Amino acid sequence: MASRNQNRPPRSPSTRKEIGDENPLDKRRRLGAVGRGVGPTATGRTRRAFSAVNNLQDATTAANAENAEECHEFTKEEVEAILNERPKAKKFDLKAKYEHAAEHNKRLKLCVKWFQQCDENHVLDKEKLKNSLESAEKKCIDTELEKKNKEEELNAVISELRDSNASLQEKLSKEVSEKLDAINRHKSEIEARVTAEKSVASLTEDLQKAQQDIAAANERAASLDNTHKRLQEYILSLQQYNSKLITDLETVRESLKRVEKEKLTIVENLSSLRGHCSSLQEQLTLSRASQDDAVNQKETLVNEVKCLRGELQQVRDDREHQVSKVQALSAEIVKFKESTGRSFAELDNLTMKSKSLEETCSSQREQLRILELQLAAANEKLKRADLSASETRVEYLEQKRTIQELQDRLADMEHKLIEGENLRKKLHNTILELKGNIRVFCRVRPLLPDDGAAEGAVVSYPTSTESLGRGIDLIQNGQKYPFTFDKVFNPEASQQDVFVEISQLVQSALDGYKVCIFAYGQTGSGKTYTMMGRPEAQEQKGLIPRSLEQIFQSSQLLQAQGWKYKMLASMLEIYNETIRDLLSTNRSIGSDPTRAESAVSGKQYTIKHDANGNTHVSDLTIVDVSTITEISSLLRQAAQSRSVGRTQMNEQSSRSHMVFTLRILGINEGTEQQVQGVLNLIDLAGSERLSKSGATGDRLKETQAINKSLSSLSDVIFALAKKEDHVPFRNSKLTYLLQPCLGGDSKTLMFVNVSPDPSSVGESLCSLRFAARVNACEIGVPRRQMTLRAADSRLSCG
Ligand code: ADP
Ligand code: MG
């Protein structure tokens, strides 16, 4: 509005006065209004303008009018009136016409002037409006920009608000969960509170009881007070009664006195009367007639006295009675006094007691308050402890369950493992049986104190799954030589561990197989320890005693199935291609027992094989073992003969082969089946390469013999593996002896014994290489020797 007013054209003060604050819009409206309704609706102001135009005759005001007309504003009607004006003068009144024309002209000029002014004003207005439009547009753009900025800001704010909304919602959910937790906690708190309230209730009950006790005690005290008061009152009344009695006594005494006085007076009277009597007796003489009267009088008086005396006596009695009563009463008073004193003491006691009771009550109240506080604290603690305990319990249960699950799984796995291992062994056995391989086990003995200083381990055991327990790596001069066998026993393996692995093989001897177990290796590598061990020590027994024990036990068990076994054991030694009977009881022991024996005793020990594949060694001692004691005595004898040989034969044992043979003959009475199994356990001579240089005589012969027998053993094995037509069994006594057991239908196992002594590494490598070659050999498929008993067949035993 203000801007519009500013754009209005300047006006003279007079017109401004007339128009006031009217703006151009108002003016336009006025013009419209004039156009619509003319004449009677015209305003006073318009009329005045007209009058100013029309008042031509008013000469005096002409100048003023002109002045006013200069800046007069015209309305539409006025303009039209001016334009439509016709001369009012008479047709020929030219002067008037002229005047009118001049006047008209003047007004027209004025009108034109006004129009021009209006136009100018309009132009100005237009410009101003344009400016204002521009500024408004600018403003509009600005506001638009602002709006955009604002919008962006608002968008940012909105996104912020959304974020905050999301976070708030998160918070809300969190708070809701917290609240739920809190509600749960609150519930548990309420429960705890209920229990606490219960305990508080019980405590308050106790308190009430205690208060009741106190009240009862107070009541008792009050009743005692009452009794005390009553007793005092009673005492008072008794005192009053006593005083009354005393006053009574006094009155009685007074009356007594009076009576005595009366008596006295009476006595006086009597004396006077006696005097009078004497006078009267005198008078009697004078007057006997009046004597009787006087006598009568005297008698009545005596009676009266008697009466009075009786009264007196009565009064006396009464008095005594009263006195005794008084005495009793005073005694009673004394008693009452005493009892009052006692009741006072009792009262004091009771007050004391009540005081102490009150004290204990207050202290108990205090204690109760403390206990309540403690209870609350304990409850709080309990709650916390309960929470943590439940958490722990849950955790514990979880863990227990997991442990149980794990244990179950472990047990399951272990069971599976055992089953798997058994299956593996069986399958392995089957595979080997099918392949016909010679199985090779490797055993490394522990380092002995006598061994050279360890310059680092020369033997290691790979831990990869495929060669775990089956691989062995030998390190020589920094080079690693890996070997894999059917089984590798490290130094920790016990005799039992080793036996477990061959027990199946031993069992198969019972089932009718021919079984050969060799121990191969250099001297001191543990062959004898593996085969024989120390039979006297339970833990260190070797394979031979353990096999014998197992066979013996199994044969006992199989008796239940109708099997009867005959077991024949023999033990010999091959030294320099000569056989020595280790179980012979009448061996002569000389300086060279090996040679001397056969020479002296004339025993030949010739080896023969029959058609059934049974081997006989002539003159060889064969022991029928049927009890466990026989076995142990046999082993003792064998060990003794070998050890005797060792000491006497200067370490000959390392250069001789020891062959233990157990022939097992089983007959089943029920099924008419018979089996013939053979178990050969052979402790070979030391495999070390003996230098031939420098060896002469016996030594040379010995060396040659060992080399020959060991090389013929390998020759036989390799020939069998190659399935050659000719197998050189006869090249050595050992191979010839074992011929039936090395053939295609036997089960053969070789132990390669290795010493971990670094100085033996070369020999160990040779042994392992030989064993590896043997392990690769296929010598045939084992066959069980089992026949149905022929009517006349006999078991040939050696
Ligand atoms: P070999 O018969 O091969 O010459 P031995 O069996 O006589 O060797 O063993 C040599 C030494 O090593 C013996 O004293 C023996 O007790 C010991 N020995 C061998 N193997 C083991 C072992 N596995 N555990 C303990 N000592 C052993
Ligand atoms: Mg030995």
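Whatever order the structure lists them in is the order used to number ligands and atoms, beginning at 1. All of these numbers come straight from a predicted model, not from anything done at the bench.
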Do [X] and [Y] have side chains that approach each other closer than 4.5 Å (heavy atoms only, starting at C-beta)?
| X | Y | result |
| --- | --- | --- |
| Phe770 | Val752 | no |
| Phe483 | Leu765 | yes |
| Glu549 | Lys541 | yes |
| Ser618 | His616 | no |
| Val515 | Val506 | no |

Does the residue [X] have a heavy-atom contact with ligand 1, meaning some pair of atoms that are separated by less than 4.0 Å?
| X | value |
| --- | --- |
| Gln540 | no |
| Arg534 | yes |
| Gln495 | no |
| Pro446 | yes |

Pairs of nitrogen or oxygen atoms closer than 3.5 Å, one from [X] and one from ligand 1: do any exist?
| X | result |
| --- | --- |
| Ser525 | yes |
| Thr523 | no |
| Leu448 | no |

Exercise. Is the Mg ion (ligand 2) less than 2.8 Å from at least one N/O/S atom of Met658?
Worked result: no
Exercise. Just checking, any donor-acceptor pair under 3.5 angstrom between side chains of Arg546 and Gln496?
Worked result: yes
Exercise. When you check the side-chain N and O atoms of Ser494 and Asp497, is any donor under 3.5 Å from an acceptor?
Worked result: yes
Distance filter under 4.0 Å to [X] heavy atoms, resulting ligand 1 atoms:
| X | value |
| --- | --- |
| Gly526 | 1 (P), 3 (O), 5 (P), 6 (O), 8 (O), 9 (O), 19 (C), 20 (N) |
| Gln522 | 3 (O) |
| Arg445 | 12 (O), 18 (N), 19 (C), 20 (N), 21 (C) |

Seminar exercise, completed: Filtering Thr530, Leu684, Asp757, Thr528 for the heavy atom nearest atom 2 (O) of ligand 1 leaves Thr528
Exercise. Where do Thr578 and Asn576 land on the side-chain hydrogen bond (donor to acceptor under 3.5 Å, both in side chains) test, with the steps shown first?
Worked result: CA-CA 5 Å; Thr578 333; Asn576 276 353; 6.0 Å; no
Exercise. Would you find a donor on one side and an acceptor on the other, under 3.5 Å apart, between the side chain of Glu573 and the backbone of Leu582?
Worked result: no
Exercise. Counting only heavy atoms, which portion of Arg443 has something under 4.0 Å from ligand 1: side chain, backbone, both, or neither?
Worked result: side chain
